[in-house]
Amino acid sequence: MNASANVRSLRAAHSHHHLLLRGCSTSLFQTLPILQLIKQCSTPKLLESALAAMIKISQNEDCHLMNQFITACTSFNRLDLAVSSMTQMQAPNVFVYNALIKGFVTCSHPIRSLEFYVRMLRDSVSPSSYTYSSLVKASAFASGFGESLQAHIWKFGFGLHVQIQTTLIGFYSGSGRIREARKVFDEMPERDDITWTTMVSAYRKVLDMESASSLANLMPKKNVATWNCLIDGFTKLGNLEIAESLFNQMPVKDIVSWTTMINGYSHNKRYSEAVAVFYRMTEEGIVPDEVTMSTVISACAHLGVLEIGKEVHMYMVQKRFVLDVYIGSALVDMYSKCGSLERALVIFFNLPKKNLFCWNSIIEGLAAHGCAQEALKMFDKMKSESVKPNSVTFVSVLTACTHAGLVEEGRMIYHSMIDDYSIVSNVEHYGCMVHLFSKAGLIYEALGLIGDMEFEPNAVIWGALLDGCRIHKNLEIAEIAFNKLMVLEPTNSGYYFLLVSMYAEENRWRDVAEVRGKMKELGIEKICPGTSSIRIDKRDHMFAAADKSHSASDEVFLLLDEIYEQMGLAGYVPETENVY
DNA sequence: GTAGGGTTAG
């Protein structure tokens, strides 16, 4: 039996079925005004009046109208309206059922979509390929359903339907079941380009690039999407050499190829190369799109070089790019990380649309720049505009509280996070709270919080406590924190110096000697200084604490002396008690 | 209506 002929006859049977649509009696002339009414609905309220109009002229039996109506309901998340009107229909057809099934999947009620699928079968309405496209997505949420759905797909004659089988591969790979995905792939008598790409992408998702490559090499002719998929996978594996070589050898590159390469460098923290690829692409006359720009701006943010960020921004302004939420939040973050909070704020206030990311970027920016009150105000504004904060938001807000010593505010926000937003406190949140409490001298409250943690505290947590102990001279708890840190980060010299200075301050010279001895024993005497760099006239200049290797270091130290003098005149007294 | 690239934090 010729399988594809079988499929063709089944398809023919289905389109014949379409010709005999039940309930489609009204002429196009009559339905058009209501159809437009439905399509123009901008609020759920208007949707209800559209339904009323439909009932009034007794066109609620019209399947085409109902299909459009359900689609409109889906976009307003008002499937209750859709259900109540469609269940009253005498004979809903396959289009009506498909619209409702799809609606439930997109409104994240997959189980209800299954309910209407069952009802559809009971009603003897034959499913179409569209029905299964939606249902495959829904089955990701009901364990075991995928398997029985696959049986149905065969039963209703779509076992060899290329698109549905491809969707099925996508479904299995989405739930990490690569072997099942491959089984579907292997059993397909016909495959198109997308089928191959989907399977290669399935391997990429689990970073099995060996299988991805060998499958791609079996392709008669690799399409661009498959090349891009391989490049992306290798960059995520950290293998930029292979990614670069694939990028260089692919016959045709499109905008996705370039963007994937830029993103690949960024993923591997090679930000200047990411930006360099962007410049190379524009030099070769390729026009970037919004996706490219958001990755490039993100790379600029990590570079922290204001001049480059500004240049890329100006390019975007010149090319009249749309300020979408991706570009918007990347720009806000870039300007704030490059030190220009003013520009970040200007961008933020000029955004036509703001999502969670945009708000998070500006709140984080304000907090990082020490503007605690403004960060909190922005947080309130975000809530008043009905944007729901997530765990990232709370890290920034709590950080702001810590910087400004707002203990009560921080405590309230922390509890609101757990009680009002059902966000589980993670290491970072605990870190913020421990820092907040211990900096304010509430060492025992900080310690109690650490005791409440349902996972092992990390070095950041104990480090935060140790820092509080230093400020408030609590040697007893400092020793506890220090002992934990000795296990977690035994080679971090900072903790040793901190404890040594605390002992020295209380003239406990025996303890000082003991810690110093331990340091010598472990060979961690040297302080690893933090370095910083600055770009002047397209050259990067590196500096480290007490470093005199730079050619202009004489000048630099002269200037530093002058700055210290000025600061002293302004009444600044440096905190030197912990400089050992 | 099925394939490949995007933003904050980590």
Side-chain angles (χ1 to χ4, degrees), chain A residues 98 102 105-106 128-134 136-137 158 161-171 173 191-202 204-205 212 216 219 222-233 235-236 247 250 253-264 266-267 288-302 323-334 336-337 344 347-348 351 353-365 367-368 389-399 426-429 431-432 458 460:
Chain A
N98 283 353
K102 188 184 169 197
V105 175
T106 46
S128 66
S129 61
Y130 285 71
T131 319
Y132 291 109
S133 290
S134 303
V136 168
K137 281 181 202 134
F158 298 105
H161 192 287
V162 180
Q163 282 97 323
I164 293 183
Q165 295 301 310
T166 303
T167 312
L168 208 58
I169 295 174
F171 156 68
S173 97
R191 303 177 189 107
D192 63 11
D193 259 17
I194 299 177
T195 314
W196 284 89
T197 313
T198 308
M199 194 60 229
V200 172
S201 172
R204 180 200 56 147
K205 274 180 201 150
M219 281 179 81
K222 262 179 271 187
N223 59 351
V224 199
T226 303
W227 282 101
N228 294 342
C229 198
L230 292 175
I231 294 172
D232 185 61
T235 66
K236 300 249 152 79
F247 183 74
M250 67 194 293
K253 300 179 196 26
D254 64 7
I255 203 171
V256 179
S257 323
W258 288 93
T259 310
T260 306
M261 227 26 233
I262 294 172
N263 207 13
S266 274
H267 259 283
D289 65 4
E290 277 77 15
V291 181
T292 318
M293 293 321 297
S294 57
T295 66
V296 175
I297 295 162
S298 164
C300 293
H302 287 280
L323 255 189
D324 68 13
V325 286
Y326 290 98
I327 292 181
S329 30
L331 275 175
V332 169
D333 179 58
M334 183 276 286
S336 109
K337 285 216 170 64
I347 299 282
F348 179 78
L351 291 179
K353 270 190 177 165
K354 301 177 182 78
N355 73 355
L356 177 66
F357 282 78
C358 307
W359 287 99
N360 282 356
S361 293
I362 196 68
I363 293 173
E364 143 84 13
N390 69 355
S391 68
V392 176
T393 322
F394 281 101
V395 173
S396 304
V397 175
L398 293 174
T399 306
N426 66 23
V427 208
E428 286 164 273
H429 301 125
C432 288
N458 64 8
V460 177

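Quick caveat, the model's predicted, so the values are computed rather than measured. In the text below, chain A, chain B and the rest are named by the order of the sequence lines, each starting its count at 1.
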- Message: Students often get this wrong, so: under 4.0 angstrom with heavy atoms, is Glu428(A) touching a base, only sugar-phosphate, or nothing?
- Response: sugar-phosphate

- Is there side-chain contact between Cys358(A) and Val332(A), with heavy atoms separated by less than 4.5 Å? no

- Heavy-atom contact window of chain A on DNA chain B, given 5' to 3' at under 4.0 Å: dG1(B) to dG10(B)

- Task: Name the nucleic acid region contacted by Ser396(A), choosing base, sugar-phosphate or nothing; use a 4.0 angstrom heavy-atom cut-off, strictly under.
- Result: nothing

- Note on the structure: Taken in chain and number order and not counting sequence neighbours, the residues that satisfy ring pair (Phe, Tyr, Trp, His ring centres under 6.0 Å) with Tyr132(A) are Tyr117(A), Phe158(A)

- Message: Base, sugar-phosphate or nothing for Leu331(A)? Non-hydrogen atoms, less than 4.0 Å.
- Response: nothing

- Message: Keeping Asn360(A) on the side-chain end and Ile363(A) on the backbone end, is there a donor-acceptor pair under 3.5 Å?
- Response: no

- NZ (Lys354(A)) with more than 12 external heavy atoms under 6.0 Å: yes

- Query: Touch check for Lys253(A), heavy atoms < 4.0 angstrom, all strands: base, sugar-phosphate only, or nothing?
  - Reply: nothing

- Query: Looking across every strand, which nucleic acid part, if any, lies under 4.0 Å from Asn426(A) by heavy atom: base, sugar-phosphate, or nothing?
  - Reply: nothing

- Looking for any heavy atom pair under 4.0 Å, which part of the strands does Asn223(A) touch: base, sugar-phosphate only, or nothing? base

- Query: Is Ile255(A) touching bases, backbone alone, or none of the nucleic acid, heavy atoms closer than 4.0 Å?
  - Reply: base

- Message: I'd like to check Lys205(A) versus Ser201(A) (side-chain heavy atoms, cut-off strictly below 4.5 Å). Are they in contact?
- Response: yes

- Message: Classify Val325(A) by what it touches in the nucleic acid, base, sugar-phosphate, or nothing, heavy-atom distance under 4.0 Å.
- Response: base

- For Val224(A), which contact category applies under a 4.0 Å heavy-atom criterion: base, sugar-phosphate, or nothing? base

- Task: Give a yes or no answer on whether the side chain of His429(A) reaches the backbone of Asn426(A) with a donor-acceptor pair at less than 3.5 Å.
- Result: yes

- Message: Please classify the nucleic acid contact of Asp324(A) as base, sugar-phosphate, or nothing, using heavy-atom distances under 4.0 Å.
- Response: base

- Query: Base, sugar-phosphate alone, or nothing: which one does Ser129(A) contact when heavy atoms must sit under 4.0 Å apart?
  - Reply: base

- Out of curiosity, Leu356(A) CG to Ser329(A) OG, how far, rounded to the nearest 0.5 Å? 9.0 Å

